[in-house]
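Here's the structure, in structure tokens; my notes come after.
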Amino acid sequence: MMQKMATNSSRLILIKLKLLIQSRRIALSLLVFSCFFALIPACANAKSPSEIAASFTIQELINSANPGDTILVPNGTHYEHVVVNKSINLIGAGWNKTVIDGSGVGDVIKVTANNTIVSGFTIQNAGYSGIRVYNCSYGNFTLNSIRESNYGIKIDDSYFNIIAQNNLTQNNVPIALRQSDSNLIKGNLLYHNFGQAVSTYNSRDNIIENNDIGDNPAHGVYLENCKNSTVASNKVTYVCFGIWIHLSQNCTVKANKVASTGPWGIITTQSNSTLVRSNILFDNEIAMQISLGNDNTIIENNITGNKLGIYIDHSPSNILKDNVIAESWPHGSFGVAGSALRDFMNNVDTSNTVDGKPIYYWVNRHDCEVPADAGYLALVNCSNIIASDLNMSDNYQGVMLAFSNHVLLKNLNLSTNFTGLWIVNSNNNTVHACTLKNNVNGIYMKNSSYNTFIHNNFIGEWLLDISENVNFWDNGYPSGGNYWSDYSGSDNNSDGIGDIPKTINTLNRDNYPFKGAIYTFKAGEWNGTTYHVQIISNSTISGFGFDPDEGARIRFNVSELFGSAGFCRVVIPKQLLWALNDQWMITIGDQQIQPTITSSADSTYLYFTYSQHSGTILIEGTGAIAEFPILSALLFMLSTVLGVTLVRYLIRRTRSFSNSSFLETARQPC
């Protein structure tokens, strides 16, 4: 990569040096031009510029010139088609002073000679090209205004030409290169054109820099089948495709400002080894897409306020570092898609951030837990990974699993992503107590089997694209399945679970869908065990509290009732809180509630209804976990006392035995 950058820099320096030399030639020609016309009035027999123009056409002046001559074309509008077939400097009086009009036919100026300068003209109404450069090199085409032509400047089979500081407007294609290498396109203003602003085909080693491109319905810069070309420091705004690199190798896209495009700001398709560096992209549909290519490097880009930040599609072996992605909506900050394992094998480290949080893109990781600061999570060919208590929002995928197994996703908030959970070729994973809310797609799952989804909230999920593979969506009765905001089944037996299954497809269904949203609260940790209380309700639940030192009770608030009557299904671990003989007392305000009670081996299920739209619910039992530590302490103290007494007794016996043995031994002769 460093060698490539050094080569590009050396080439750029050489071309810029040539531009400086030729610019001085143009300036000198313009100086001579102005002096020539200043001296005309002093000559009694001199003809005025208009008389010169009337006497000779531009083509006649060219035909009579010698190689190396400078032809100064005076003011006026010239209706001509000019062929420059020798190395001359063709200089006009300046934009909107010297006009060459092609009357809608052919090429206005056709250049077929090396070392030619064309500068200082307005060129308009070409049927084909304003300036066409064919099979020649070392030309300099600067300070022209070209408009209302099919091609503004067209370079064919030509090398080492400079196209700089031109104003091109209302052309179909302002600048086009075909099979032309080592050209410099710099400092041009390209606005209000109709097609690709800068279009390059089958060319290499070209530099396109510092151009201002805007208000084109097609591409800003388009490279196809190009090599070792650089697109740098351009401003590209209000175009359909900002910068598109297609079927190209070893190109560089750096330090460009690309904004207000649709659908793409910067896109590479079927291109390899592209360096995309230090670009600023904002207010684009898709800021950056890498599609069907490999070995590209995307570093130090600032991508803010786009509908989609970076999207990598079926493209392996890319390197992403130090990219800042923020405020991407509605399609998210970052995402990767593919079908084969190799499509996902990219090097994306945590120096990349989404909304200030690092991207965790893990490949071939095993037996790990995801850090709590993750902003995006992708697991590729991973196993035995735990991800818990994370908030993953505003991404193309909230969480992506590709070819990964035995992953536990627990208590994740996956909201406002394009796809909440994206699973491909991944088996035997568990998604537990997660909330997927207001994503464009809830779950996308393909070629994945035996994954378990229990106690999750699927809220406002319009589409679940689940392939025809066997997966599990409930934990039996009474534990239940998931909450689906679009489920409309009845609950005639009053247990908070729908009477009919939620069918996803023929091989996937939730047999015990909940009738209300699921809330899971951490009650506390005792003796190394963390206890949670689960509440299913059609009210909004808040203010959960449990303190065993205050008594054997829990409390929480209900509000925003969704329905004519409220209900709660409260699942309490038996070791946390219990009631002897099921003597539970439940109240909301002054109203006492009689629950329906169901038990499993380790939990108590309390189901009850209420008519108030808001209030505090208090559930009281007869015992709480705090009694266990007290009883354990008493038992420990008793066992300690007994142990000390026994040890003292044994010590006395041992000393007595030792003294007796010593006396008997002492009485024996030596």
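- Residues passing the salt bridge (charged side-chain N to carboxylate O under 4.0 Å, His left out) test with Lys522, sequence neighbours excluded: none.
- Remark: Lys446 NZ is loosely packed, at most 12 non-hydrogen atoms of other residues, nucleotides or ligands lying under 6.0 Å away.
- Judged purely by distance below 3.5 Å, without hydrogens or angles, the side chains of Tyr444 and Gln397 never pair a donor atom with an acceptor atom.
- Aromatic ring centres of Phe544 and Phe556 lie farther apart than the 6.0 Å criterion allows.
- Scanning for salt bridge (charged side-chain N to carboxylate O under 4.0 Å, His left out) contacts around Asp349 gives Lys321, with sequence neighbours left out.
- The only member of Tyr483, Trp484, Trp473 that meets side chain to side chain donor-acceptor pair (under 3.5 Å) when paired with Asp510 is Trp484.
- Under the rule for a salt bridge (charged side-chain N to carboxylate O under 4.0 Å, His left out), Arg365 has no partner lying at least two apart in sequence or in another chain.
- Considering Val236, Asn256, Ile303 as possible partners of Asn279, the one that fulfils the side chain to side chain contact (heavy atoms under 4.5 Å, CB included) test is Asn256.
- In this structure, a donor-acceptor pair under 3.5 Å is absent between the side chains of Thr416 and Asn438.
- The salt bridge (Lys or Arg N to Asp or Glu O under 4.0 Å) contacts involving residues 479-504 comprise Asp486-Lys502, where partners must be two or more places apart or lie in separate chains.
- Residue Arg553 places its CZ atom among more than 12 non-hydrogen atoms of other residues, nucleotides or ligands, all under 6.0 Å distant.
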Which pairs would a plain distance check flag for residues 451-459, meaning a side-chain donor or acceptor within less than 3.5 Å of a matching protein atom at least two apart in sequence or in another chain?
residue, atom, partner, partner atom, Å
Asn451, OD1, Asn428, N, 3.4
Asn451, OD1, Asn429, N, 2.9
Asn451, OD1, Asn429, ND2, 3.0
Asn451, ND2, Ser426, O, 3.1
Asn451, ND2, Ser449, O, 3.3
Asn451, ND2, Asn471, OD1, 3.0
His455, ND1, Gln534, NE2, 3.1
His455, NE2, Ser479, O, 2.9
His455, NE2, Ser479, OG, 3.2
Asn456, OD1, Ala433, N, 3.2
Asn456, OD1, Cys434, N, 2.8
Asn456, ND2, Val431, O, 2.9
Asn456, ND2, Ile454, O, 3.2
Asn456, ND2, Asn482, OD1, 3.0
Asn457, OD1, Ile518, N, 2.7
Asn457, ND2, Thr435, OG1, 3.2
Asn457, ND2, Ile518, O, 2.8

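- Within the structure, every pair that satisfies the ring pair (Phe, Tyr, Trp, His ring centres under 6.0 Å) test and touches residues 585-608, not counting sequence neighbours, is listed here: Phe567-Tyr607.
- Of the candidates Asn296, Asn294, Asn347, Asn318 forms a side chain to side chain donor-acceptor pair (under 3.5 Å) with just one, namely Asn296.
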